[in-house]
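Each chain gets a letter, A, B and so on, in the order its sequence line appears, and its residues count up from 1.
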Amino acid sequence: MNRREFLQCAALLVTGASASQLGFTLSQEQQAYLAKAPDYTAQGVDYLTDAQRRIIAAMAEVIIPRTDTPGAIDAGVPKFIELLAANWFNDQERATFEAGLADMETRIPREYGAPFDQLSPGQQLEIMEALEDAAADSDWYDLAGGSTRDFREFNSDAPFICQVKELTIWGFFTSEAGGTQVLRYNPMPMHFDGDLPLSPDDSAWSGSLL
Amino acid sequence: MIDAQVYDFDAIVVGSGVSGGWAAKELTEKGLKVLVLERGKPLQHGSGYLGEHAPPWKVPLQGKRPRELYEAEYPVARKVYAFSETNRQFWINEKDNPYVLDEQDPFWWIRADVVGGRSLLWGRQTYRWSEQDFGANAADGHGIPWPVDYKEIAPWYSYVEKFAGISGQAEGLPQLPDSEFQKPMGWYALEKTINARLKKKAPDVTLTMGRVAVLTEDLPGRSACHYCGPCHNGCSTGSYFSSLSSTLPAAKATGNLTLKANALVERLEYDPASGKVARVHVIDTATNERAAYSAKLFFLCASTVGSTQILMNSTSERFPNGLANGSGVLGHYMMDHTLGQSGMGIFLDNMDSYYYGNRPTGLYVPRFRNVGGQDEDADFVRGYGYQTFTIRLDWQFNANSKGFGAGLKEKLRKPGPWIFGFAGFTECLPQESNRMYLSRNKVDRYGIPQVAFEFKWSDNEVKLRQDAAKQADRLLRAAGAALVVPVEPEMSKPGEGIHEMGTARMGADPAESVLNAWNQAHEVPNLFVTDGSFMTSSSCVNPSLTYMAFTARACDYATRQLAAGQI
């Protein structure tokens with residue numbers, strides 16, 4: 001999708017401009033609904049302490065950093081993680097999450113002399129890799145995340161590091177920044193081409209979730 | 001002096017899904033004053049599609065699923081691929097509207113609860129039955145013979161196809177007659193690669209574009225598909241056929257349509273003096289008020305289970321076992337297609353080829369087993385077809401990768417390998433023991449007995465499913481899969497195909513069927529049933545197109561009979 005096409009689509013979603021030229025009409029109600037609907041992460045949540053928020057944000061940024069494109073923090077991932085941990089996790093998952101976070105809060109300053117979010121990128125990566133090594137036998141890493149689960153749901157047995165990774169990756173690629181600036185987004189393709197040239201650097205489409 | 005009977009309506013149609021929408025259109029266009037009763041909530045075409053084109057970042061939980069809510073209120077529907085927060089308002093709340101769900105042998109009764117019914121949510125696959133399909137019962141002795149044949153139905157297929165708008169490729173195959181087609185959708189490069197290999201190495205099969213009720217050319221009031229992807233969120237451009245986009249607007253345009261939503265039909269009232277249905281008794285689910293409406297004609301189009309439930313709940317001295325059920329077969333001979341993955345492969349061909357737009361269908365492999373006669377190596381009767389799926393893997397498939405940082409981000413943002421697979425749709429034999437019935441002790445919030453099911457696949461369905469997996473494996477190897485992923489050919493749950501049918505079957509003999517060749521109750525001349533209940537066998541193809549054709553034909557017949565004073 002080129003920029004002109006993207007702007008056309010974005011314009012349609014927001015204002016309905018040039019809808020008839022493109023051969024279809026979105027109803028006024030639908031436009032109003034979509035334009036008014038807030039992002040999921042726009043809502044408030046009061047679950048983590050500020051110190052915990054800094055740790056989660058730093059962990060998310062280690063997983064999906066800002067490069068020449070937005071990273072996890074740019075995409076609102078820390079808020080997404082807090083929202084899901086607060087409102088969506090079941091008791092077992094929340095207990096795992098809180099225990100993992102407590103470990104990060106207490107152990108890391110003891111071992112490294114400072115909170116996780118104040119460590120160097122190398123130290124942060126070392127800590128995350130150690131967590132991943134310790135979790136390596138979790139079936140979260142199996143093909144399709146454990147063969148029995150629906151990816152739209154969750155693996156309740158996932159260790160803390162896997163929880164944070166999954167919510168970071170999911171939250172990032174379903175965010176506006178991740179979906180439009182890292183992936184390619186086009187809600188109104190208008191035609192189908194089954195043989196679009198793909199360059200080695202091209203991103204996948206954002207779009208239908210499984 | 002004899003008073004002329006005054007009727008509230010000329011015809012009453014129960015249900016507004018695929019069949020009910022067609023009945024409404026046909027009967028109103030013939031000049032009848034028609035009342036359509038829909039148990040579901042009102043829904044406006046376009047503005048009611050709240051999740052259409054919603055980007056993931058505006059969807060609750062950004063697409064993760066509200067698990068507790070779904071388990072409590074949508075325990076069955078949540079298992080359907082199309083069920084999502086972007087269309088949950090279309091589905092029935094199962095907690096408020098229970099049926100008897102056997103935990104050991106569950107039957108999945110998948111229901112919508114809006115005007116338009118499951119026509120909003122259907123898979124849109126549209127295939128004609130063949131001469132062999134209509135002759136199958138007579139040929140192998142399962143079930144009873146169909147009282148109609150392909151030649152009789154063919155013009156009605158043409159009639160409904162032109163209005164519904166079917167895109168697809170003509171192939172000239174006797175086992176899958178061509179429809180009136182709009183131009184077919186395009187192929188992925190990988191699919192062309194696979195097709196070329198299959199032509200050489202598996203010439204016994206045909207790979208054709210899925211035949212779908214999705215427009216590739218504009219029709220009045222409806223636009224060609226814009227390839228946004230998730231049809232089941234609703235389509236404000238009317239690009240796929242639904243009652244809301246297509247038949248109900250046509251019915252409304254006549255000025256003869258009255259549509260009542262929230263109108264749950266409790267029962268039909270039989271009048272022993274006339275030998276006909278006199279009234280329909282309705283509960284308004286919004287106000288709990290009860291009402292009754294009279295008409296000359298009654299069309300049940302409430303879905304197979306819904307219509308059969310109404311008939312079973314409409315008892316009288318004349319019909320103690322359910323209306324029009326002198327034969328005793330009502331509720332029996334229920335069928336559903338077994339379906340599911342038969343085989344899947346990872347392909348490394350055409351890696352530098354991608355796609356633009358989301359094509360709302362896969363390819364289709366028409367039945368190739370027991371075509372025209374019994375295959376020598378087949379220990380089963382009848383056959384199956386495959387719907388295929390082509391997927392370019394993306395971050396959703398490897399989100400559980402090891403690693404961190406820019407490398408992980410790069411890996412996740414790029415397309416992965418191709419997946420191509422076959423999903424078999426298998427014919428189901430009619431068996432008396434597969435049935436639905438009314439619970440003796442469980443009622444819903446209105447006091448209507450709940451529906452219960454007894455359904456087990458026969459050996460024939462199991463063998464078909466196993467053969468479908470075996471043949472899919474052969475085809476994947478012939479197609480050049482880099483890796484054939486092993487698939488266990490498990491049986492789908494009864495009802496999971498969402499092709500439940502056959503509980504008020506048609507036949508020539510009133511002693512063993514509920515309906516005659518015109519979808520008219522043998523014993524009640526002003527009663528017609530044109531949803532899946534009438535099906536005498538199941539074929540292996542998706543059934544909705546056949547419901548459309550029989551509905552239009554029944555409306556034509558009923559109107560002529562009415563005019564001739566025969567009803």
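Only the backbone of A:Asp202 comes within less than 4.5 Å of a heavy atom of chain B; no side-chain atom from C-beta onward does. If you measure heavy-atom distances from A:Leu183 to chain B, the contacts under 4.5 Å come from the side chain alone. Neither the backbone nor the side chain of A:Pro121 comes within less than 4.5 Å of any heavy atom in chain B. Contact annotation for B:Arg222: neither backbone nor side-chain heavy atoms come within less than 4.5 Å of a heavy atom of chain A. Using a 4.5 Å cut-off between heavy atoms, A:Asp201 touches chain B through backbone and side chain atoms alike. Of the two parts of A:Thr69, the backbone and the side chain both hold a non-hydrogen atom closer than 4.5 Å to a non-hydrogen atom of chain B. Using a 4.5 Å cut-off between heavy atoms, A:Glu129 contacts chain B through both its backbone and its side chain. Residue B:Leu408 touches chain A through its side chain alone, counting heavy-atom pairs closer than 4.5 Å. In this structure, no portion of A:Ala177 lies under 4.5 Å from any heavy atom of chain B. Looking at A:Ile63, both its backbone and its side chain come within 4.5 Å of chain B, counting heavy atoms on both sides. Contact annotation for B:Ser239: neither backbone nor side-chain heavy atoms come within less than 4.5 Å of a heavy atom of chain A. No part of B:Glu191 comes within reach of chain A, as not one of its non-hydrogen atoms sits under 4.5 angstrom from that chain.
Looking at B:Ser223 and B:Asp218, their side chains never bring a donor and an acceptor atom within 3.5 Å of each other. With no hydrogens or angles considered, no side-chain donor-acceptor pair links A:Asp74 and A:Gln181 at under 3.5 Å. A donor-acceptor contact closer than 3.5 angstrom links the side chains of B:Gln62 and A:Thr174.
With a 6.0 Å cutoff to the six-membered ring centre and a 45° limit on the axis angle, B:Lys41 does not count as a cation-pi contact of B:Phe90. Within the cation-pi definition used here (under 6.0 Å to the ring centroid, within 45° of the axis), B:Lys64 does not qualify as a partner of A:Trp88. Cation-pi geometry between B:Lys402 and A:Tyr141 is met: the NZ or CZ atom falls under 6.0 Å from the ring centre, inside 45° of the normal.
Around atom NZ of B:Lys183, no more than 12 heavy atoms belonging to other residues, nucleotides or ligands sit under 6.0 Å away.
The pair A:Glu98-A:Arg94 does not count as a salt bridge, with every side-chain nitrogen at least 4.0 angstrom from each carboxylate oxygen. The existence of a salt bridge linking B:Asp349 and B:Arg197 is confirmed by a sub-4.0 Å separation between a basic side-chain nitrogen and an acidic carboxylate oxygen.
Each of B:Gly405, B:Ala189, B:Gly416 has some count of heavy-atom pairs under 4.5 Å with chain A, and the biggest count is that of B:Gly405. When B:Gly357, B:Pro60, B:Pro66 are compared by the number of non-hydrogen pairs under 4.5 Å with chain A, B:Gly357 comes out ahead. Between chain A and the options B:Gly48, B:Ser401, B:Gly407, the largest number of non-hydrogen pairs under 4.5 Å is found for B:Ser401. Across A:Ile64, A:Leu83, A:Thr168, the residue that shares the most heavy-atom pairs under 4.5 angstrom with chain B is A:Ile64.
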Could you walk me through whether B:Asn195 and B:Trp187 pass side chain to side chain contact (heavy atoms under 4.5 Å, CB included), step by step?
CA-CA 10 Å; B:Asn195 196 33; B:Trp187 293 55; 3.8 Å; yes

